Structures are given as C-alpha cells and as structure tokens.
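I have placed the structure first, in the form of structure tokens, so that the comments after it can refer back to it.
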Protein chains: 2
Amino acid sequence: MSNKNVEKQKRIYKILDDAELKKTPARIDTLNLFSGNCHPMSAEEIFKFLKKRYDLATIYRNLSALEEKKILSKVNLRSGSVHYEVSNMHHHHIVCTSCGKVEEFSNCNIKRTISNVLSESKNFKKIDEHALELFGVCKTCGVK
Amino acid sequence: MSNKNVEKQKRIYKILDDAELKKTPARIDTLNLFSGNCHPMSAEEIFKFLKKRYDLATIYRNLSALEEKKILSKVNLRSGSVHYEVSNMHHHHIVCTSCGKVEEFSNCNIKRTISNVLSESKNFKKIDEHALELFGVCKTCGVK
DNA sequence: ATAAATGCAAAGGTTTTGCACCATT
DNA sequence: AATGGTGCAAAACCTTTGCATTTAT
C-alpha cells in the first residue's frame, strides 16, 4: 500500500475513532468510497460499488450513524432516494431536470442571506445547515 | 358564499382552465387548501385535511399534474415525504431540526449566486429553479 | 360521446426494524 | 467478556400503476 493510501486509512480511522464508532470493514470501505468520489451517493449506489459485500440494511444503518455524527450529510437531488456526501467539503449541486446530470459548485454566498433572514426571524436565531440546489436543463439536453 | 370566496373560486377555475385540467372536486378542494395555507403540505396531509373524501392515489395524481403545469412545486423538508406548495409565492423555509417547525422567508438573494455559478459552469447555461432550505434549532427547542 | 379523472386494489421502490449471530474493543 | 455491528427476513412507508367505473366537457 502506498504512503498516500496509508495516510488515507489513518484519516478514516481517526474519523471513526473521533465519532466513537467501531472501525468495521463496512464503514471503512464506505468512507473510502466517499473520499475518492465527490459525487453524492445513495445507499443503493454504495451497495453496488461495494459489490454487495455488505447488507443493504447495514449500509443504511451506517449512513444514518455517519450522518448523526456529522461526518456525512444528506443531499436531495429529487431522484427518489436520499443521497449522501462528505460534510466537510461544502458545496452544492446543479441538477439537470432532463437527464439527471449533477455538477458541483461551491461559491454559494449564503452568509449575507442567512444574516438577513435571522434578523427577521421570529423562531430562529441560529442556522446550522443549509441546502441549496439549482435545477436546469444541461447544454446537452437543451440542444434540440 | 361571500364575494371574496366567489373571487377565490373564480381564480381557481381560471388556474385549472389555463392548465387544461378538468375542474373536478378533488382538484378544486386541493387548490382551496393551498390558497388558504402557505405551509407546504404532503399528499398524506392533504388527504387528511380533505377528510379522506378522495382517494390517496387521486391526491398523488393531482399533485403530479399540478406540478407538471407549474402550479405547485415540490419542497424538500427532509421529512420522509415530498411536500408541495403554490409555485407563485416564491419563498423558502427554515426547518427546526429538533421539532420540525417550519418558518418561511422570501428574501433569498439568489440572483447574484446564480449568475456567478453559471459563468463558471461547464454544463449549464440557464437555471430554471432553485431549492434553498435552512436548518437550525428553533428558540423553543434551543432553551435548555 | 369522448376523453379524462377517480376509486380500489395491487405492486414498486426505498428505508427501517427485530432478532440471532458475529466482530471489535 | 461486553458492547456494538451485521446479515437475513420481514415489515413499514411512500408513491405509482392497472383496470373498471364515473365524471367533466
């Protein structure tokens, strides 16, 4: 195993240790998948990427646990199933409403909006998370 | 029936006519519900509000039809089921991650973000819709 | 009269759960 | 040894679909 991969494994071990989750093969493999792929993935997709080595229920349970520990976040791409991505790489998505293609972007400029919103909110004084997704028709699908 | 309600019915008839959808009781009642309530609703909620007078499958079919005609829009509140709201009242939501309370806001300042994003996008040159939801703990739940 | 909408029942897809067994700490 | 994770099967949940009947135009 290369030095780089050793580093990667160490990072994943630390993530699970910090979260007080046991370092099981299913979790390690799942986190490896996420660290090599910045696209959001559904439980079913992860299940297939991992060659069905682990039960689908296990994948679901681990995704929930990792979300609770703030390691992964849910993303809604209007696809029928929930997708997850690594929490710390803050970015958003543009989804093609025709073919489903997903493109990432990161400059969401949300801070100003949040402070405006909070100054007028009756019920909230702090925002912890935000979800922003854009929808359009991609250039390929837009060609008639 | 008051003058005001007559006007409301006329508006709803016009909406359905313009969309080339038949003016059936199920649709009229559903649109009446939406026009008196700015909170997003799920199929199940509508079904119950309408005292189960119409089949749940009918509610689902009508919601789809109304969404296709751009009269309603989907909203994702991370609740397990899809919610809908009237399209023409552009606003977004702050959802309490503890109790599920929903508050609306409308000043999302998204235009600048969209034009920035498009100028750097490889696959998209136009955005048709955007989904923005904020998540936090409301003042009631935040009190320890 | 025609095309569309509805109700009912059944199925589809995604996600969750109970329980016995197994792995990590 | 003890706690937590897994696999399997079953169920729960949300949503869609087929078909016969009813309704709106």
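Owing to the predicted nature of the structure, the values given are computational and were not obtained by experimental measurement. Below, chain A is the first sequence line, B the second, and so on; all start at residue 1.
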Original post:
When the nearest nucleotide of DNA chain C is assigned to B:E20 and to B:A57 on a heavy-atom basis, which residue is associated with the more 5' position?
Top reply: B:E20
**OP:** Nearest-nucleotide wise, let me know which of A:L56 and B:Y60 is further upstream toward the 5' end of DNA chain D.
**Re:** A:L56
**OP:** Starting from the 5' end of DNA chain D, give me the residue, B:D17 or B:R61, whose nearest nucleotide shows up first.
**Re:** B:R61
**OP:** Flag the pair A:H92 / A:H130 as yes when their ring centroid distance falls below 6.0 Å, and as no otherwise.
**Re:** yes
Original post:
Which of these nucleotides, D:dC8, C:dG7, C:dA5, is closest to any side-chain atom of B:R27?
Top reply: C:dA5
Subject >> Sole residue of A:L72, A:T30, A:I46 in side-chain contact (heavy atoms from CB on, under 4.5 Å) with A:M41 >> reply: A:I46
Subject >> Main-chain N/O of B:D17 paired to B:K22 side chain as donor or acceptor, under 3.5 Å >> reply: no
Original post:
Can you tell me how far C1' of C:dC8 sits from OH of B:Y54, to the nearest Å?
Top reply: 17 Å
**OP:** Using atom CG of A:L21 as one end and atom P of C:dT25 as the other, report the distance to the nearest whole Å.
**Re:** 11 Å
**OP:** Kindly say whether B:V117 contributes a backbone atom to a donor-acceptor pair with the side chain of B:E120 at under 3.5 angstrom?
**Re:** no
Subject >> Distance, rounded to the nearest Å, where B:R53 contributes CZ and C:dA5 contributes C1' >> reply: 17 Å
Subject >> B:K23 side chain, from C-beta outward: closest of C:dA9, D:dT25, D:dT15 >> reply: D:dT25
**OP:** Output the single nucleotide from D:dT16, C:dT24, C:dG7 whose closest atom is nearest the side chain of A:T24.
**Re:** C:dT24
**OP:** Rounded off to whole Å, could you give me the OH-to-C1' distance for the B:Y13 and D:dT25 pair?
**Re:** 14 Å
Original post:
Can you list the steps and then say if B:V75 with B:Y84 is a side chain to side chain contact (heavy atoms under 4.5 Å, CB included)?
Top reply: CA-CA 6 Å; B:V75 192; B:Y84 287 85; 6.0 Å; no
**OP:** State which of D:dC14, C:dA5, D:dG5 makes the closest approach to the side chain of B:K22.
**Re:** C:dA5
**OP:** Let me know the distance between NZ of A:K52 and C1' of D:dG7, rounded to the nearest Å.
**Re:** 15 Å
**OP:** Name the closest nucleotide to the A:S81 side chain, picking from D:dA24, D:dT6, C:dT14.
**Re:** C:dT14
Original post:
Please give, in whole Å, the distance from D:dC13 C1' to B:E45 CD?
Top reply: 15 Å
Original post:
Just how far, in rounded Å, is P of D:dC8 from CZ of A:F47?
Top reply: 9 Å
Subject >> Atom-to-atom span, CD1 of A:I28 to P of D:dG5 - whole angstrom >> reply: 13 Å
Original post:
From the list D:dG7, C:dT24, D:dT15, which nucleotide is the closest neighbour of the side chain of A:P25?
Top reply: C:dT24
